[in-house]
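Comments concern the structure below.
On a predicted model such as this, the values are computed, not experimentally measured, just so you know. Throughout, residue positions are numbered sequentially from 1 according to the sequence presented.
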Amino acid sequence: MADWLSSVSYGPIPGLLTELRAAWPPRAAAETSGYTTTDLGAAEPIAVLGLTDRLAVAIAARPEGSFAAVPVVRDDPWRQAIAGDGLSAFVAGLPLASERSIGTDQTNESIVVGERVIVKWFRIVGPQPSRAPIVAAHLESIGFRETPRPLGTVDWLAPTGEALTLAQGDAYLAGARDGWDWCVERLERHVAHESAPCPADCDPWIGGRLGLLVARLHAALRQPSAVITEPAGVADGSDVRRWHAAAISTLDEALRLSEADPSGRELLAAVGPGMRADIDRLVACESIAIQPVHGDLHVGQVLEWPGGLAVIDFDGNPALAAAANELRQPAERDIAQMASSLDHVGRIVDERTTGSRHQIVDEWVARTRGEFVAELDADRALLAAFEVEQECRELIYAARFLPRWRYAPLATLRARYRG
């Protein structure tokens with residue numbers, strides 16, 4: 001099955017772009033999973049990959065320089081493709097196979113084809129090449145096996161000459177569940193059992209296990225390969241000052257976007273000075289080791305399946321511009337993101353919990369985060385600064401993509417700075 005996607009080439013279909021422009025924007029699917037959808041009306045169709053006479057991928061230029069990639073199907077007129085239309089099965093080389101969408105919140109769209117392959121469509125691409133295929137190829141080349149096996153990509157050559165990845169295919173891990181399911185379930189069962197032990201197959205103490213996985217991932221990412229020949233490096237004072245300025249800017253944006261939410265505005269006004277002080281700890285750091293990192297490492301990126309754990313989705317943080325998704329960064333970026341997400345697991349369960357059980361959740365968060373970080377060699381000043389920045393990114397992400405998520409980072413900040 002290897003390379004079935006990367007070996008495919010699609011030629012132009014005369015008149016198709018003109019036809020799509022006349023029907024633009026294509027009718028959207030009804031289901032959005034709570035996400036703020038991309039405004040295709042503000043994007044101008046500039047290219048189309050014609051797959052068949054009824055299946056295509058439209059590419060539209062967005063005002064800020066990126067591109068919207070839109071799988072579409074001819075349905076009088078054209079509409080956005082959904083699972084069951086056969087588009088993902090076609091590019092996977094399994095045209096008669098079943099299709100189903102992964103039913104979790106996401107800023108991209110992932111389709112399981114024939115219970116054998118998962119095709120991930122990137123809704124926004126460019127202007128720089130996607131980091132995901134680079135990282136996946138690097139890990140594959142050095143034999144890292146704790147990620148689904150990459151099968152290839154569907155690429156488009158942009159007018160700038162950059163090859164942009166529109167879709168990525170990986171082997172589907174049967175029975176896999178992401179961390180927003182299996183981690184939350186473990187904590188919920190722990191809370192439900194209170195003082196009694198959880199069943200052996202639902203051990204709630206996952207921090208050390210995740211810490212060891214991330215340690216192995218980072219070790220693999222530091223190893224040179226034919227794909228990334230010089231992975232390790234050192235950031236100097238100018239890099240640190242740039243990170244500090246970016247973190248302060250992120251804090252300011254999170255504060256601005258929270259102005260419309262009275263509870264968030266009040267909380268952030270109270271804890272903002274403490275957040276700013278932790279970010280300012282960056283300025284004392286110099287000569288920081290950098291390496292390729294995951295870039296958006298949270299519990300939802302860790303699948304649990306009968307074969308163990310597997311890390312997915314190396315395309316970076318969807319709330320950030322391309323410059324902030326650099327391939328080489330301090331490993332503490334990933335560690336901070338995962339530590340924050342473990343806190344968010346607790347906030348999710350806390351939201352569903354009443355009475356004295358809140359204390360059980362708080363104890364779980366403290367122990368799990370502690371055991372996770374203990375398995376990793378992290379600079380504590382960097383970690384504190386990046387964790388604050390991550391919570392600000394979560395607030396920005398909620399404002400831009402998923403408003404109902406706002407409660408989790410606010411609860412994390414309340415617990416951290418107000419006790």
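Contact detail for Ala83 and Ser101: the closest heavy-atom pair is CB-N, 3.6 Å. Closest approach of Val293 and Pro330 over heavy atoms only: CG1-O, 3.7 Å. When all heavy atoms of Thr368 and Pro204 are compared, the closest pair comes out as OG1-O, 4.4 Å. In terms of heavy-atom proximity, Leu303 sits nearest to Ala176 at CD1-CB, 4.0 Å. Considering every non-hydrogen atom in both His218 and Gln291, the closest pair reads O-NE2, 3.1 Å. Summarising the geometry of Glu332 relative to Leu383, their closest heavy-atom pair is O-CD1, 4.0 Å, with the distance given to 0.1 Å.
For Asp155 and Thr165, the side-chain atoms include at least one donor-acceptor pair closer than 3.5 Å.
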**Request:** Kindly determine whether Leu151 and Val119 satisfy side-chain contact (heavy atoms from CB on, under 4.5 Å), including the steps that lead there.
**Result:** CA-CA 9 Å; Leu151 300 175; Val119 179; over 6 Å; no
**Request:** Just do the side-chain contact (heavy atoms from CB on, under 4.5 Å) check on Trp243 and Ile279 with the steps written out, would you?
**Result:** CA-CA 10 Å; Trp243 296 337; Ile279 290 175; over 6 Å; no
**Prompt:** Run the side chain to side chain donor-acceptor pair (under 3.5 Å) check on Glu162 and Thr160 step by step: do they pass?
**Reply:** CA-CA 6 Å; Glu162 298 282 6; Thr160 60; 5.5 Å; no
**Request:** Begin from the C-alpha positions of Ser341 and Trp180 and carry the test side chain to side chain donor-acceptor pair (under 3.5 Å) through to its verdict.
**Result:** CA-CA 9 Å; Ser341 74; Trp180 294 121; over 6 Å; no
**Asked** Can Arg100 and Glu115 be said to form a side-chain contact (heavy atoms from CB on, under 4.5 Å), step by step?
**Response** CA-CA 9 Å; Arg100 62 177 178 86; Glu115 303 303 310; 2.8 Å; yes
**Asked** Going through the distances and angles, do Asp350 and Tyr407 end up as a side chain to side chain donor-acceptor pair (under 3.5 Å)?
**Response** CA-CA 11 Å; Asp350 215 21; Tyr407 79 89; over 6 Å; no
**Asked** Val234 and Ile290: side-chain contact (heavy atoms from CB on, under 4.5 Å), yes or no, with the steps?
**Response** CA-CA 5 Å; Val234 177; Ile290 57 174; 5.8 Å; no
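A distance of 5.0 Å separates CG in Leu49 from CD1 in Ile59, rounded to the nearest 0.5 Å. Here the CZ-CG distance, from Arg21 to Leu16, works out to 11.0 Å after rounding to the nearest 0.5 Å. Taking CG of Leu413 as the start and SG of Cys392 as the end, the distance is 7.0 Å to the nearest 0.5 Å. Distance CG/Leu410 to CZ/Arg414: 6.5 Å, rounded to 0.5 Å. Atom CG of residue Asp296 and atom CG of residue Asn325 lie 8.0 Å apart, to the nearest 0.5 angstrom. Rounded to the nearest 0.5 angstrom, Leu212 CG and Leu376 CG are separated by 8.0 Å.
Legend: residues meeting side chain to side chain contact (heavy atoms under 4.5 Å, CB included) with Ser141, ordered by chain and number and at least two apart, are Ser225, Val227. The ring pair (Phe, Tyr, Trp, His ring centres under 6.0 Å) check on Phe314 picks up His294, with sequence neighbours excluded.
With salt bridges taken as basic N to acidic carboxylate O contacts below 4.0 Å, one links Glu140 and Arg145. We find that Asp75 and Arg27 are joined by a salt bridge, their nearest charged nitrogen and carboxylate oxygen being less than 4.0 Å apart. Between Arg369 and Glu387 there is a salt bridge, since a side-chain N of the basic residue sits under 4.0 Å from a carboxylate O of the acidic one. Between Glu326 and Arg131 there is no salt bridge, since none of the side-chain N atoms of the basic residue sits less than 4.0 Å from a carboxylate O of the acidic one. Residues Arg79 and Asp85 are paired through a salt bridge, judged by an N-O separation under 4.0 Å between the basic side chain and the carboxylate. The pair Arg406-Glu394 does not count as a salt bridge, with every side-chain nitrogen at least 4.0 angstrom from each carboxylate oxygen. Using a 4.0 Å cut-off between charged nitrogen and carboxylate oxygen, Glu253 and Arg400 count as a salt-bridge pair. Salt-bridge formation is not detected for the pair Arg328/Glu230: no Lys NZ or Arg NE/NH1/NH2 atom is positioned less than 4.0 Å from an Asp or Glu carboxylate oxygen. Between Arg347 and Glu351 there is no salt bridge, since no side-chain nitrogen of the basic residue lies less than 4.0 Å from a carboxylate oxygen of the acidic one. By the 4.0 Å N-to-carboxylate-O rule, Arg367 lies too far from Glu363 to be salt-bridged with it.
By the 4.5 Å heavy-atom criterion applied to side chains, Met338 and Asp343 are not counted as neighbours. No side-chain heavy atom of Glu304 sits under 4.5 Å from any side-chain heavy atom of Ile206. Contact of the Glu259 side chain with the Leu268 side chain is not registered, since no non-hydrogen atoms from C-beta on lie closer than 4.5 Å. Under the 4.5 Å side-chain criterion, counting only non-hydrogen atoms from C-beta, Phe122 is not in contact with Glu109. Counting only heavy atoms from C-beta outward, the side chains of Arg149 and Asp170 never approach each other to under 4.5 Å. Under the 4.5 Å side-chain criterion, counting only non-hydrogen atoms from C-beta, Leu221 is in contact with Val135. Contact annotation: the side chain of Trp78 approaches that of Glu19 to within less than 4.5 Å [non-hydrogen atoms, C-beta and beyond]. Counting heavy atoms from C-beta outward, Val388 and Arg276 have side chains that stay 4.5 Å or more apart.
Under a 3.5 Å cut-off, the side chain of Glu375 and the backbone N or O of Gly211 do not form any donor-acceptor pair. Side chain of His138 to backbone of Gln223: a donor-acceptor contact under 3.5 angstrom is found. A donor-acceptor contact shorter than 3.5 Å is absent between the side chain of Asp278 and the backbone of Ala385. Remark: side-chain polar atoms of Thr250 are paired, donor with acceptor, to backbone N or O of Ala246 under 3.5 angstrom. Arg186 places a side-chain N or O within 3.5 Å of a backbone atom of Asp203 that can act as its donor or acceptor partner. Of the possible polar contacts, none joining the Gln301 side chain to the Val311 backbone as a donor-acceptor pair under 3.5 Å is found. The backbone N or O of Asp239 sits less than 3.5 Å from a side-chain atom of Asp236, completing a donor-acceptor pair.
Cation-pi geometry between Arg177 and Trp305 is not met: the NZ or CZ atom fails to fall both under 6.0 Å from the ring centre and inside 45° of the normal. Both tests pass for Arg209 against the ring of Trp182: distance under 6.0 Å to the centre and angle within 45° of the axis. Geometrically, Arg333 engages Phe386 in a cation-pi contact defined by less than 6.0 Å to the ring centre and at most 45° from the axis.
Counting heavy-atom neighbours within 6.0 Å of Asp252 CG, excluding the residue itself, gives a total above 12.
Checked against Leu342 for a side-chain contact (heavy atoms from CB on, under 4.5 Å), the options Val365, Leu210, Leu187 give a single hit: Leu210.
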